[in-house]
Amino acid sequence: MASDPPQQRQQGLRARPSLALRLDRFAARMAPGGVTAVLIALLSAPTGLPGATALLPGVVMSLVFFWSVWRPDAMPAPMVLLLGLFMDLIGFAPPGVNAFVLLLLHGVAAHLRFGLMRLSFLVIWLVFAVLAALACGLDWLMVSTLSLQPMPSAPAIFETMLAVGVYPPLSALSSRAHRLLSHPDPHA
Amino acid sequence: MIPVSIQARQALDKLLLPFMLLIAIGVILLGQADRSLTHAARMLVADVLSPIWSLVAEPGERVAAAVSEVRGISHLAEENASLRAENETLRGWYDVAVSLTQENQTLKSNLRWMPDPVPSFVTGRVIADAGGLYSHAVLIGAGPQNGVHVGNVALAADGFAGRVTETGQRSARILLINDLSSRIPVTLEASHGSAIMTGDNSSSPRLMYYAQDNHPIEGERVVTSGQANLLPAGLPIGVVHYARPGQPVVTPYARLDHLSILRVFDFEVASIDAPDAPGRVPLAPLHAGAGPNGALPGTGPRDGDAGDGTTLSGATLGGVIGIRPQHERDEKSTPKESNQADDADEPQDGGGMAPARQEVNPGAQVPGAPAADPSLSGRKRVQNPIPAYPPPFTERG
């Protein structure tokens, strides 16, 4: 971390980390959010992937949930806000809606994290399924309210199912990344 | 960073999430309050990302083409046979099309059909799905620099796809016809009805507001209507299909979920100005009858028909307003097309309206054969200014 209190350095308790180390930590801290942003951009491109637009919220929710539980330092609230706004602007949704929903998901996940980390994968998946369903429902409700007409509910249900389905593979990949990446702030 | 105590930092950490939530709510409210700001931000993001998306789209398209090629190889023989059969059929249709085009051309020249303006168009690649979950729109890699403007019409290879709703620098967003907020006035070709095509986020938009005594017919073609000056008439959209009894939908020709290249047409429909006072009969200017146009040769042959007095001064107002007010009203409501000579000419014809119309084209006037069918020639001039409807011959094909 670049912000060591000066008096600590004078006391010689901790050496100031080198530039390379600081860059490395910065990259590790930014990696989950950056990967998510790249995925948002790629899934919006016409790749010919069926249901890519419905898959996108599920992918983002899975990643935000995973990192909020396992390493909230790498998925801080400002990052979640930016990702949500990016999604809103790309997807031409009412701006701020996805940001709000993702922030709530992040908050709940970060709040439950110490309880969740002790549980098995299946239980975490179940919790995610419930949270994803609530998030998709809230998203539907907000979009309907803001556009002053009830939106069709089928896409929201489809979105929830895709989110639940896409969580295990993304979770496996992210667990691997979680082990490979050095912890951004081991002293925190 | 400012050195802060551990307690203060923990307190700040706890406040971070509520603060971010407040920002998100603020953005929602701001987005509702100031739409133009939202549009600008969206198109900025789209402009920045459009080169990246184009890079992604191109190899993706190549891969799709390669896959379909490989798939085609396995069905080569049967595909060949079916293509040969189709070619036979199409050759027959080609002959029909050529003869109909010829006939159409002849009839149009006979009718002095006013040709529709030739639209300019640009072709762009679809670079992103700009719809999200609850709307259907695409982004193309062409913007105002290339001549794409808000309100332009986007056609896929085989039919109407949507309209341009927002433009950035290098990109434009096209709202597809199946979006929830899309409303398109359409004409049904076989039943001659008109309706509004309403998107409902499904793949086939619904038909609404059709006349209750003239229901859409299963399988008939749906084309755009020129009413409301929104779109040019006659663009093919799709065919009528009854998903359920009493609920007609349109099956679009364009494959709305697999758009890759779109042509964006600038039809300049908005440049057609309505007459100043539609539906009213403006008084003819008094001095016009005495103008030099009054002595055009068209008046001569018709005198016998009308059996009226031929003095110019006497025929002026009485001829226009007193005798055939109905026809005159038809004429007056379309002043743009009638060459301005109309207003000056009308006052002098003694009774019938037909000869007055012929004066507009003095070259076509044969003095010996006065107005073989005056009513027809009169109607001709009235119909001409409405090129919006497809010519009646099209039903034959």
Side-chain angles (χ1 to χ4, degrees), chain A residues 1-8 41-50 52-54 56-57 76-81 84-104 106-107 110-111 136 139-140 142-144 146-147 149 151-152 154-156 158-159, chain B residues 1-5 13 16-21 23-32 37-38 41-46 49 52-57 60-61 63-64 67 125-139 165-166 173 175 180-181 200-202 257-260:
Chain A
M1 181 81 186
S3 64
D4 292 329
Q7 67 270 23
Q8 280 188 0
L42 282 185
L43 279 176
S44 306
T47 44
L49 214 65
T53 44
L56 177 60
M79 174 82 84
V80 177
L81 177 79
L85 286 180
F86 186 51
M87 233 173 112
D88 285 328
L89 290 179
I90 278 192
F92 283 76
V97 169
N98 271 314
F100 185 75
V101 172
L102 285 177
L103 276 172
L104 282 184
H106 163 79
H111 184 71
C136 293
D139 192 32
W140 177 85
M142 288 179 79
V143 173
S144 298
L146 289 176
S147 53
Q149 56 178 340
M151 292 286 157
F158 186 48
E159 178 194 3
Chain B
M1 250 194 212
I2 313 156
V4 280
S5 70
D13 278 351
L16 191 60
L17 182 66
F19 182 62
M20 290 295 142
L21 281 171
I23 290 184
I25 293 171
V27 168
I28 294 174
L29 293 179
L30 187 69
Q32 289 302 107
L37 193 71
T38 318
R42 281 171 178 166
M43 293 320 291
L44 185 72
V45 172
L49 284 176
I52 304 170
W53 277 330
S54 325
L55 280 182
V56 176
E61 220 163 79
V63 168
V67 167
R125 191 184 290 280
V126 172
I127 53 169
D129 187 329
L133 207 55
Y134 297 109
S135 61
H136 286 79
V138 293
L139 210 68
T165 52
E166 285 134 6
R173 183 180 185 240
L175 192 77
L180 203 64
S181 52
D200 58 354
N201 273 3
S202 72
D257 47 348
H258 288 98
L259 296 170
S260 60

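Chain letters run A, B, ... following the sequence lines, proteins first and then strands; every chain starts at 1.
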Among B:Leu180, B:Asp13, B:Val126, the residue with the most heavy-atom pairs under 4.5 Å to chain A is B:Leu180
Applying a strict 4.5 Å limit to non-hydrogen atoms, the region of A:Leu56 in contact with chain B is neither
When the 4.5 angstrom heavy-atom criterion is applied to B:Ile127 and chain A, the contacting part is backbone
Sorted by chain and number, sequence neighbours left out, salt bridge (Lys or Arg N to Asp or Glu O under 4.0 Å) with B:Arg42 holds for none
Looking only at A:Gly84, A:Ser144, A:Pro57, A:Pro78, the option with the highest number of non-hydrogen pairs under 4.5 Å against chain B is A:Pro78
The interface call for A:Met87 against chain B, heavy-atom contacts under 4.5 Å, is neither
Distance-only check: which donor-acceptor pairs under 3.5 Å involve side-chain atoms of residues 89-96 of chain A, not counting sequence neighbours?
none

**OP:** Start with the C-alpha gap between B:Leu49 and A:Phe86, add the side-chain angles, then the distance that decides, and say whether side-chain contact (heavy atoms from CB on, under 4.5 Å) holds.
**Re:** CA-CA 11 Å; B:Leu49 284 176; A:Phe86 186 51; 3.8 Å; yes
Under 4.5 Å to a heavy atom of chain B? For A:Phe158 that would be neither
Honestly, the part of B:Arg125 sitting under 4.5 Å from a heavy atom of chain A is neither
Is a donor on one side and an acceptor on the other found under 3.5 Å between the side chain of A:Trp140 and the backbone of B:Tyr134? no
Chain A shares the most heavy-atom pairs under 4.5 Å, among B:Ile23, B:Leu21, B:Val63, B:Leu17, with B:Leu21
Per-residue tally against chain A (heavy atom, under 4.5 Å) across B:Ala128, B:Ser260, B:Ala46 peaks at B:Ala128
